[in-house]
Amino acid sequence: MGCCGSGDYNGDLSCQRKDQSFSVCSNYNDYLWFDASHPTDKANQQFAQEFWSGSSNLVYPINLQTLFSI
């Protein structure tokens, strides 16, 4: 569910539209998505952790930690 939006799961891009009503969550740190297209800092941190040390089923052929150790 998005922090800011309307419709199902706050997935509509209405946070950027002045002509539509939308709701904004009170604590965006609890969410992975701010709106339908923008990840929060929490999501970006999780993406970075996976890119850095994720297993090969997520980052193929190697993660960044392995690449920089070569």
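Everything numeric in this text was worked out from a predicted model, so none of it was measured. Residue numbers start at 1 and run along the sequence shown.
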Q: Please write out which residues are connected to L64 in a hydrophobic cluster, directly or through intermediates, given that two of Ile, Leu, Val, Met, Phe, Trp, Tyr count as joined at side-chain heavy-atom separations below 4.5 angstrom.
A: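 Grouped by the 4.5 Å side-chain rule, F47, F51, W52, V59, I62, L67, F68, I70 form the rest of the cluster around L64.
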Kindly state each residue pair satisfying disulfide (SG to SG under 2.5 Å) with at least one member in [range], sequence neighbours excluded.
range          : result
residues 29-70 : none
residues 29-70 : none
residues 39-70 : none

Q) Shortest non-hydrogen contact from G2 to N10? A) O-ND2, 3.1 Å
**Q.** Distance-minimising heavy-atom pair for P61 and S56
**A.** O-CB, 4.2 Å
**Q.** Set of residues satisfying side chain to side chain donor-acceptor pair (under 3.5 Å) with respect to S55, sequence neighbours excluded
**A.** N57
Q. In chain order, what residues pass the side chain to side chain donor-acceptor pair (under 3.5 Å) check against T66, with sequence neighbours excluded?
A.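 If we apply the side chain to side chain donor-acceptor pair (under 3.5 Å) test to T66, skipping adjacent residues, the hits are N63.
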Can you give each donor-acceptor pair under 3.5 Å made by side-chain atoms of residues 24-33, sequence neighbours left out, with the distance rounded to 0.1 Å?
{"from": "N27", "atom 1": "OD1", "to": "N29", "atom 2": "N", "distance (Å)": "3.2"}
{"from": "N27", "atom 1": "ND2", "to": "D30", "atom 2": "OD2", "distance (Å)": "3.3"}

**Q.** Interatomic distance, E50 atom CD to Q46 atom CD [nearest 0.5 angstrom]
**A.**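 It is 8.0 Å, given to the nearest 0.5 Å.
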